Amino acid sequence: GDLVFAHGGAAFTYMLAGALLLPVAVLVLVRTDDRQGVPLRVDLRDALRGADPDEGLSESGFFIAVEGGDGAGKSTQVEALAQWIRDKGHEVVVTREPGATSIGQRLRSILLDVSTAGISHRSEALLYAADRAEHVDGLVRPALERGAVVITDRYIDSSVAYQGGGRELSPTEVARINRWATGGLVPNLTVLLDIAPETARERFTEAPDRLESEPPEFHERVRAGFLALAAADPGRYLVVDAGQDAAVVTTAVRHRLDQILPLSEQEVRAQEEARRQAEEERKRREAEEAARKAEEERQERERQEQLERLRREEEERKRREIEEAKRLEAEREAELARQRAEEARRQAEEERKRR
Ligand code: TYD
């Protein structure tokens, strides 16, 4: 019809670039689609919402993971935090990976036993994930559902850092199998105790286990893995320099928890009580203030009345003074008149005698 399609140099180049990109885009999509079977439309919607569709915070309770390399001082911190949170009135469940359940115990002994050396990296990752699945299902979720605060010494990030970073498996894949293993449960806060591996090594008191015996480069990669995870989601991580004094580390963690930890029933009651007391105090102060004002007004009224009385008395005194002055003046004038009359009478008498 009337349609004219002008394909000059620039338009033609764009069209060609678009046409070449299309098959590349399809190829990339096919190779990277990590949720095959889920329509692209749903993937796009989830991506636009900004959340990883597989991840979720627990709806009740509060989940804290303490992570870090070997010798970072995790158990000391876990104990200190647990006590502090307990004192706030929360039920606190302290747990750890691997080995918090009876099956986990068996997996732990396989995983950490030096005789397991040579286990394939993938089996190692799967065994840690299996321990985690058991842990979350049998211990963590039930505690969170009760409303408890769960503090775990290591969680998914350990696998991403040790098996992903340390063993050089794909961190995304390690994260994915772990998301599946845990049903997508993510901690409300992950505390990363960051320490240089050589500093941490000086703290070892027992014979190193299978992973602790790995060479320094392994532990450097683990450290870098942890830091990369924390950098990607600063809102959900707290990185603390674990080379500092343990008490300083605890204070830093407490400070963060103070901002995000929900109040326990005990704290809610204490807050209500404090509010009630403050309200009573406010009412008492208002009543005192009103009484003080009334008293001031009464005193002011009295003062005004007294001033009025003094003013009237002063007027009365002045009036009397004027009357008194007038009376004296009249008397003086009468006296003068009398003297003048006397003088006239005397003069008349003298005149009469002289005549
Ligand atoms: P941990 O219990 O912290 O060691 P210890 O009781 O000696 O303090 O962890 C045991 C080891 O397991 C530790 O070296 C880190 C390693 N590990 C992984 O490699 N991947 C994981 O997913 C977990 C949880 C631990």
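Just the heavy atoms: all of them, side chains too, but no hydrogens, waters or symmetry mates, feed the values below. From a predicted model like this one, the values you see are computed outputs, not experimental measurements. Counting starts at 1 for both ligands and their atoms, following the listed order.
Contact between Lys74 and ligand 1 is present, with at least one heavy atom of the residue lying under 4.0 Å from the ligand. Within the structure, ligand 1 has Arg108 among the residues with a heavy atom less than 4.0 angstrom away. Using a non-hydrogen distance threshold of 4.0 Å, Arg132 registers as a contact of ligand 1.
Polar contact check, Asp70 against ligand 1: a nitrogen or oxygen pair lies under 3.5 Å apart. An N or O contact shorter than 3.5 Å is missing between Asp153 and ligand 1 by distance. Annotation: Tyr155 places no N or O atom under 3.5 Å from an N or O atom of ligand 1; distance criterion only.
Atom 3 (O) of ligand 1 has as its closest protein heavy atom Arg154 NE, 2.7 Å. For atom 11 (C) of ligand 1, the nearest protein heavy atom (residue, atom name, distance) is Leu112 CD2, 3.6 Å. The closest protein non-hydrogen atom to atom 21 (C) of ligand 1 is Tyr128 CD2, 3.3 Å. Considering only non-hydrogen protein atoms, atom 7 (O) of ligand 1 sits nearest to Glu212 OE2, 3.2 Å. Scanning all protein heavy atoms for the shortest distance to atom 20 (N) of ligand 1 gives Gln163 OE1, 2.9 Å.
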Chi angles and distances behind the side-chain hydrogen bond (donor to acceptor under 3.5 Å, both in side chains) call for Glu267, Gln271 = CA-CA 6 Å; Glu267 285 172 308; Gln271 267 196 357; over 6 Å; no

Test Glu343 against Gln339 for side-chain hydrogen bond (donor to acceptor under 3.5 Å, both in side chains), laying out the working first.
-> CA-CA 6 Å; Glu343 182 64 19; Gln339 282 173 2; over 6 Å; no

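For the pair Asp209 (side chain) and Glu212 (backbone), a donor-acceptor distance under 3.5 Å is present. In this structure, the side chain of Arg221 does not engage the main chain of Arg167 through any donor-acceptor pair within 3.5 Å.
Proximity annotation for atom 22 (O) of ligand 1: of Ser159, Ala125, Pro98, Ser159 comes nearest, heavy atoms only.
Using a 4.0 Å cut-off between charged nitrogen and carboxylate oxygen, Glu279 and Arg282 count as a salt-bridge pair. For the pair Arg276 and Glu280, the salt-bridge criterion is met [side-chain N within less than 4.0 Å of a carboxylate O]. Ion pair Arg311/Glu315 flagged as a salt bridge, since at least one NZ, NE, NH1 or NH2 atom sits closer than 4.0 Å to an Asp/Glu carboxylate oxygen.
Here CG of Leu193 is found 9.0 Å from CD of Glu67. Values are rounded to the nearest 0.5 Å.
Of all the heavy atoms of Ile156, none lies under 4.0 Å from any atom of ligand 1, so neither backbone nor side chain is involved.
With ligand atoms numbered from 1 in the order given, ligand 1 contributes 7 (O) to contacts under 4.0 Å with heavy atoms of Asp209.
A search for ring-ring contact (aromatic ring centres under 6.0 Å, His included) contacts involving Phe63 returns Tyr155, not counting sequence neighbours.
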